[in-house]
Amino acid sequence: MWALTRDIIINLISDVLSIFIALPFILFILAIFLRKARRAKLIKFFNLEKRNPSIKVFISRHTTRTQIPKIQEHGSDDINLPSEVRKLLILQEGESNEQTETYPISKPFSAVSAVEMIEFFRIKASFERPLILDWLPRELKEALSFNHSAVTGVKVNLEVCPGEDEYQKLLQAGTLIFIGGSRSNLGTYYYLYGKEAGKARPRRLDKEKEVIELIRDSGTYAGDETHNLAIIQRFNDPDQQRNIFYLAGTGVQGTASAVAYLRLNWEELYSTYSTRDFCIILECARRSDDSLSKYLALNLRNQDWRVIAEIH
C-alpha cells in the first residue's frame, strides 16, 4: 500500500515539475504568437512596410519667449510677508523701472507642448511593446524583443514640425501622424487647408478656435466654455504613397483625447474601417487644472469623452 502511495506522489511531483519546466516555453510561444498577430494588425491598419514597420509622428512647434520669474504679492510693505519675499518684491519693483534697453525683451524661440510629448510617449509605448510581455520573465522579454526580427514591433519615431520656410520636409511618403490642430501644427495646416486631404478640420482664427468644419460639405461642430472637441481621422493618398492620421483638438484636452482615442481604440477602428478613410469627432471636458504633475498621473480612458460624429 505504501509503495503504491509513494509511486503516486512521485508521479504527481514529476508531473508538476514538468509543467513548471514547460511553462516558460509555453508562455514564450504564446507571446510570440500574440505579438505577431498584433504586429500584423498594426501593419495593415497603418499601411506599413512589413520588414521595417515605422510611423513618423509630428508634434506641434510653438514660438514663445522667456519670461523672468516673479513673485506675485500685493506689495513689499506687507510686514506679514517673509523677509525673502519682501526682498524679491523690492528687486522686482526696481527692475520694472529700468529701461527696456537695460533689460531687453528676450528673442522668441521654438518650444513643444508638454501634453503632446506625454501623449506621444504613451502611444509609442503602446505600439512598440504589447502588454503581453509585461508578465514574462526578463530574459524572455529580451529574447522576444531583440533576437527575433520577425516579430520586432512597430517603431514610432518623433519629429517636431519644421519651421514655416521648411514645409517641404512634410512632403514625404509613408505613414505620418500629426498631433495638434491647424493653429499650431504646420503639417495639419498644410494638408487640411492646402491639399484638403481629409473630411473635417479645426478653424484657425481666434474667434473660431472652438469650431470644427466639414471640408467638402456644409456643417460645423462647436465646443463651448466647458468642452473641447477632438478629431481623429485618416486620409490615404495612394498616388504619393502617403497615409496621414490627424489627431487634433480645439484645445489642449481635445488634442490629448484624440491621441488617447487612437491609442486605446485602433484595433476597433481596424475592425470597423480596415484601411479605409475615417473621421471621428469627440467631445471632452476642458482641462480645469494646468498642473503637469497631475496630468502625468492622469491616464485618459474612453469614459473621458463621447463620440458626437462619425463622418464617412
Side-chain angles (χ1 to χ4, degrees), residues 24 27-60 112-161 170 172-180 185 187 230 232-234 236 241-248 255-271 273-275 278 292 295-302:
L27 292 177
F28 182 68
I29 298 300
L30 177 62
I32 290 178
F33 174 79
L34 293 175
R35 187 178 176 102
K36 288 183 70 174
R38 189 174 188 273
R39 178 181 185 268
K41 282 185 181 180
L42 277 167
I43 288 174
K44 289 180 181 178
F45 179 66
F46 288 100
N47 196 15
L48 307 175
E49 295 181 358
K50 292 183 179 180
R51 291 182 60 85
N52 186 27
S54 65
I55 301 170
K56 188 166 290 187
V57 179
F58 287 88
I59 62 174
S60 304
V112 297
S113 163
V115 170
E116 288 186 12
M117 285 289 291
I118 292 169
E119 292 303 327
F120 162 77
F121 282 111
R122 285 174 174 170
I123 204 170
K124 176 181 175 70
S126 175
F127 289 175
E128 289 189 350
R129 185 174 59 88
L131 294 178
I132 187 66
L133 294 182
D134 289 344
W135 46 269
L136 287 179
R138 180 176 58 83
E139 293 77 9
L140 292 184
K141 287 193 288 188
E142 291 177 353
L144 182 60
S145 296
F146 303 113
N147 297 337
H148 295 268
S149 59
V151 293
T152 298
V154 171
K155 297 299 181 183
V156 183
N157 303 311
L158 175 66
E159 293 279 348
V160 178
C161 270
L170 300 169
Q172 51 187 280
T175 296
L176 314 176
I177 296 179
F178 296 106
I179 298 179
N185 191 302
I232 305 95
Q233 66 176 323
R234 174 174 60 195
N236 294 312
Q241 297 182 326
R242 184 183 298 131
N243 305 280
I244 304 173
F245 287 78
Y246 305 99
L247 307 175
T255 296
S257 296
V259 183
Y261 184 92
L262 182 66
R263 171 170 57 86
L264 295 172
N265 299 288
W266 70 268
E267 290 185 270
E268 182 179 339
L269 290 171
Y270 173 68
S271 297
Y273 297 101
S274 185
T275 58
F278 60 83
L292 276 180
Y295 188 85
L296 281 169
L298 174 68
N299 197 359
L300 293 173
R301 300 169 299 171
N302 283 318

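Reckoned from all heavy atoms, side chains included, excluding hydrogens, waters and symmetry mates.
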Is it the case that over 12 heavy atoms from other parts of the model lie below 6.0 angstrom from the CD atom of E267? yes
Using every non-hydrogen atom in the two residues, find where S274 and R234 come nearest and quote the distance to one decimal. O-NH2, 2.8 Å
What's the verdict on side chain to side chain contact (heavy atoms under 4.5 Å, CB included) for F178 and L170, showing C-alpha distance, side-chain angles and the deciding distance? CA-CA 10 Å; F178 296 106; L170 300 169; 3.8 Å; yes
Taking I179's backbone N and O only, do any of them form a donor-acceptor pair with S60's side chain (distance below 3.5 Å, no angle check)? yes
Could you measure the distance from the CD1 atom of I232 to the OH atom of Y246? Nearest 0.5 Å is fine. 14.0 Å
Closest contact, heavy atoms only, A248 versus G180: CB-O, 3.5 Å
Within the structure provided, determine whether V115 and T255 are in side-chain contact (heavy-atom separation under 4.5 Å). no
Go through it in stages, so that I can follow the logic: the residues are F46 and I177, the test is side chain to side chain contact (heavy atoms under 4.5 Å, CB included), and I'd like the CA-CA distance, side-chain angles, deciding distance and then a yes or no. CA-CA 10 Å; F46 288 100; I177 296 179; 4.2 Å; yes
Can you tell me how far the CG atom of N236 sits from the CZ atom of R242, to the nearest 0.5 Å? 11.5 Å
What's the spacing between T275 OG1 and N47 CG if we round to 0.5 Å? 7.0 Å
Side-chain heavy atoms of F120 within contact of F58, under 4.5 Å: no
So, using side-chain hydrogen bond (donor to acceptor under 3.5 Å, both in side chains) as the criterion, who are the partners of S113 when residues are at least two apart? none
Apply side chain to side chain contact (heavy atoms under 4.5 Å, CB included) to the pair Y295 and L300, showing each step before the final yes or no. CA-CA 9 Å; Y295 188 85; L300 293 173; 4.1 Å; yes
CG (L269) and CZ (F278) are apart, to the nearest 0.5 Å, by 4.5 Å
Which heavy-atom pair separates L262 from I123 by the least distance, and what is that distance? CD2-CD1, 4.0 Å
Could you tell me how the ring of F45 sits relative to the ring of W266: parallel (under 30°), tilted (30 to 60°) or perpendicular (over 60°)? tilted
To the nearest 0.5 Å, tell me how far Y270 OH sits from L42 CG. 10.0 Å
Could you pull out all residues at least two apart from K44 that satisfy side-chain hydrogen bond (donor to acceptor under 3.5 Å, both in side chains)? none
Considering all heavy atoms, the nearest P53-R39 contact: CD-NH2, 3.7 Å
Specify the closest pair of heavy atoms between R122 and L296, including all atoms of both residues, with the distance to one decimal. NH2-O, 3.1 Å
Closest heavy-atom pair and its distance - C161, N185: SG-OD1, 2.9 Å
CG-CD distance between N299 and E119, expressed to the nearest 0.5 angstrom: 7.5 Å
For the pair N157 (side chain) and S54 (backbone), establish whether a donor and an acceptor sit closer than 3.5 Å, ignoring hydrogens and angles. no
For the side chain of E128 and the backbone of V156, is there at least one donor-acceptor N/O pair under 3.5 Å apart? yes
Y273 meets the side-chain hydrogen bond (donor to acceptor under 3.5 Å, both in side chains) criterion, sequence neighbours left out, with E310
Walk me through it: do M117 and L158 pass the test side chain to side chain contact (heavy atoms under 4.5 Å, CB included)? CA-CA 9 Å; M117 285 289 291; L158 175 66; 3.9 Å; yes
